[in-house]
Every structure is written in C-alpha cells, then in structure tokens.
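Here's the structure, in structure tokens; my notes come after.
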Amino acid sequence: MIIREIRENELNDLLELYTHLHENGIPENSRHLQNTWNKILSDENHHIIVCEKDGKIVSSCVCVIIPNLTRNIRPYAFIENVVTHSDYRKKGYSTACLDYAKKLALNADCYKIMLLTGSKNSDTLNFYRKAGYNSSDKTAFIQWL
C-alpha cells in the first residue's frame with residue numbers, strides 16, 4: 001500500500017473510485033470538469049490523498065487547509081469525500097488516508113480537523129470515532145444549494 005497525493009493523470013481513476021461513494025457515474029469530460037481539475041491541482045491548500053494498492057487507487061480523501069484569522073491566525077483542515085472501493089473495504093486504507101491528512105494538517109499548524117458525514121450507519125460512525133473524530137464538540141448545519 002502506498003499513500004500519496006494524486007497525480008495529474010489520475011482524474012479518471014479518481015472519478016471511477018467516486019462511483020463507490022455516491023456518484024451514479026463518471027461525469028462527461030467537459031471543459032468545466034477540466035477547469036475544475038486544474039483549479040484543484042494548482043491550489044496548494046487542496047490535497048487529494050489516495051491509497052494505491054497493486055497499482056490501483058482503492059481509497060481516497062480530500063483535505064483542504066483553510067486559512068483563518070482566529071485561533072492565533074492558525075488554519076483548520078476540512079476532510080471530504082472519504083471513500084474506499086467496495087472490494088477493498090475494512091483493510092485500513094481509508095484510515096491510512098486520514099492519517100496522511102492529519103499529518104498535512106499538523107504540518108500546516110492547523111488547530112483542528114473537521115469532517116462531515118451523511119451516513120447514519122453505526123459502522124461508519126464508529127470508523128470516524130476510531131480515527132480520532134468526535135461528534136459531540138460541534139453541531140453541524142448544512143444548507144443544500
């Protein structure tokens with residue numbers, strides 16, 4: 001297993017993995033998709049972390065470091081799109097991705113890491129608790145647009 005940041009030529013592999021998250025399919029290769037991909041790749045605070053197993057991307061998460069003017073001007077990190085290919089679950093791959101994200105956050109001097117999940121599945125919630133996250137310190141609100 002290799003944990004690393006995504007490479008520019010791996011967009012299609014990532015989009016395929018996202019079909020194991022909540023996507024119904026891979027989006028059409030459009031100018032909008034390419035512009036968004038290039039924007040992500042050029043943003044030093046936007047990290048797409050992947051777990052590679054036998055040459056295949058099997059797990060991933062996104063970690064965004066967000067500059068901040070509070071907490072002694074320390075940034076915070078936000079985790080999103082935590083996913084493991086259904087054939088590779090319960091082998092520690094997502095945990096390894098989250099550990100990598102935590103190292104990025106520590107290196108950036110973040111004061112906290114946040115993540116949200118829409119899952120109510122107790123296995124998923126316990127996975128995040130075991131990874132060091134809690135659901136008691138903050139209350140999350142979402143407004144879908």
Side-chain angles (χ1 to χ4, degrees), residues 1-24 26-27 30-53 55-86 88-145:
M1 151 176 69
I2 299 169
I3 305 299
R4 59 174 174 79
E5 293 199 42
I6 197 148
R7 297 180 185 126
E8 184 176 354
N9 66 339
E10 294 176 319
L11 174 59
N12 287 335
D13 297 330
L14 182 66
L15 294 174
E16 169 68 30
L17 179 63
Y18 282 169
T19 65
H20 295 265
L21 180 62
H22 51 64
E23 297 300 307
N24 293 327
I26 296 173
S30 65
R31 176 172 285 162
H32 179 60
L33 174 65
Q34 289 302 317
N35 287 342
T36 301
W37 180 239
N38 291 331
K39 188 181 292 187
I40 288 168
L41 291 173
S42 66
D43 184 347
E44 67 180 15
N45 289 318
H46 198 131
H47 305 271
I48 299 177
I49 301 157
V50 297
C51 175
E52 179 185 326
K53 178 75 175 158
K56 177 180 175 131
I57 294 176
V58 300
S59 188
S60 180
C61 73
V62 172
C63 176
V64 180
I65 308 295
I66 302 168
N68 181 38
L69 294 173
T70 66
R71 304 287 181 152
N72 290 321
I73 314 172
R74 292 176 64 197
Y76 57 93
F78 190 80
I79 305 293
E80 185 63 87
N81 297 335
V82 180
V83 60
T84 298
H85 188 290
S86 58
Y88 293 86
R89 292 186 178 153
K90 297 191 186 275
K91 295 177 176 24
Y93 301 139
S94 281
T95 299
C97 289
L98 290 174
D99 289 346
Y100 190 101
K102 184 176 181 179
K103 288 177 189 172
L104 290 173
L106 288 167
N107 287 339
D109 195 33
C110 292
Y111 78 94
K112 70 178 176 182
I113 305 173
M114 297 185 300
L115 70 79
L116 300 173
T117 182
S119 177
K120 306 297 184 213
N121 182 299
S122 61
D123 287 341
T124 302
L125 301 178
N126 287 331
F127 162 74
Y128 288 126
R129 287 184 188 103
K130 187 176 175 187
Y133 296 86
N134 75 70
S135 57
S136 60
D137 288 349
K138 298 268 186 176
T139 302
F141 291 89
I142 297 175
Q143 184 178 81
W144 297 102
L145 303 175

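Just so it is clear, the values below take in all heavy atoms, side chains as well, and ignore hydrogens, waters and symmetry mates. Numbers for residues simply follow the sequence, beginning at 1. A quick note: this is a predicted structure, and the numbers were derived from the prediction, not measured.
- In this structure the side chain of L11 reaches within 4.5 angstrom of the side chain of Q34, judged on heavy atoms.
- Residues M114 and I79 have side chains not in contact (no heavy-atom distance under 4.5 Å, counting atoms from C-beta outward).
- Taking 4.5 Å as the limit, some side-chain heavy atom of E52 sits within range of a side-chain heavy atom of R7.
- Residues S94 and F127 form a side-chain contact, since some pair of their non-hydrogen atoms from C-beta on lies under 4.5 Å apart.
- Across T124 and T117, no two heavy atoms sit closer than the pair CG2-OG1, 4.2 Å.
- Of the charged side-chain nitrogens involved, at least one lies within less than 4.0 Å of a carboxylate oxygen, so that E10 and R4 count as a salt-bridged pair.
- Two residues are said to be in side-chain contact when any heavy atoms from C-beta on lie closer than 4.5 Å; S122 and L125 fail this criterion.
- Residues S59 and V83 approach most closely at OG-O, 3.0 Å, considering heavy atoms.
- At a cut-off of 3.5 Å, with distance as the only test, no side-chain donor of N38 or N35 sits close to an acceptor on the other residue.
- Within 6.0 Å of CZ in R71 there are 12 or fewer heavy atoms belonging to other residues, nucleotides or ligands.
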When you look at N134 and D137, which way does the side chain to side chain donor-acceptor pair (under 3.5 Å) test go after all the steps?
CA-CA 7 Å; N134 75 70; D137 288 349; 3.0 Å; yes
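- Using a distance-only test at 3.5 Å, with no hydrogens or angles considered, no donor-acceptor pair links the side chain of H20 to the main chain of T84.
- Using a 30° and 60° split on the angle between ring planes, Y133 and Y128 fall in the perpendicular class, above 60°.
- A101 and C61 make their closest contact through CB-SG, 4.3 Å (heavy atoms, listed as atom of the first residue, atom of the second, distance).
- With contacts defined as side-chain heavy-atom distances shorter than 4.5 Å, the pair F78/V62 does not qualify.
- Closest approach of I3 to C51, counting heavy atoms only: CD1-CB, 3.5 Å.
- Looking at heavy atoms from C-beta onward, S60 lies in side-chain contact with I48 at the 4.5 angstrom threshold.
- Judged by distance alone, the side chain of D109 and the main-chain N or O of R74 form no donor-acceptor pair under 3.5 Å.
- More than 12 heavy atoms of other residues, nucleotides or ligands shown are found within 6.0 angstrom of NZ on K112.
- Heavy atoms from other residues, nucleotides or ligands lying under 6.0 Å from CG of L69 number 12 at most.
- In this structure a side-chain-to-backbone donor-acceptor pair under 3.5 Å is missing from W37 to H32.
- Looking at heavy atoms from C-beta onward, P67 lies in side-chain contact with N45 at the 4.5 angstrom threshold.
- Considering CG of L21 and CG of N81, their distance stands at 5.5 Å, rounded to 0.5 Å.
- In the model, N121 has no side-chain atom that pairs as donor or acceptor with a side-chain atom of S119 under 3.5 Å.
- Within 6.0 Å of CG on N72 lie no more than 12 heavy atoms contributed by other residues, nucleotides or ligands.
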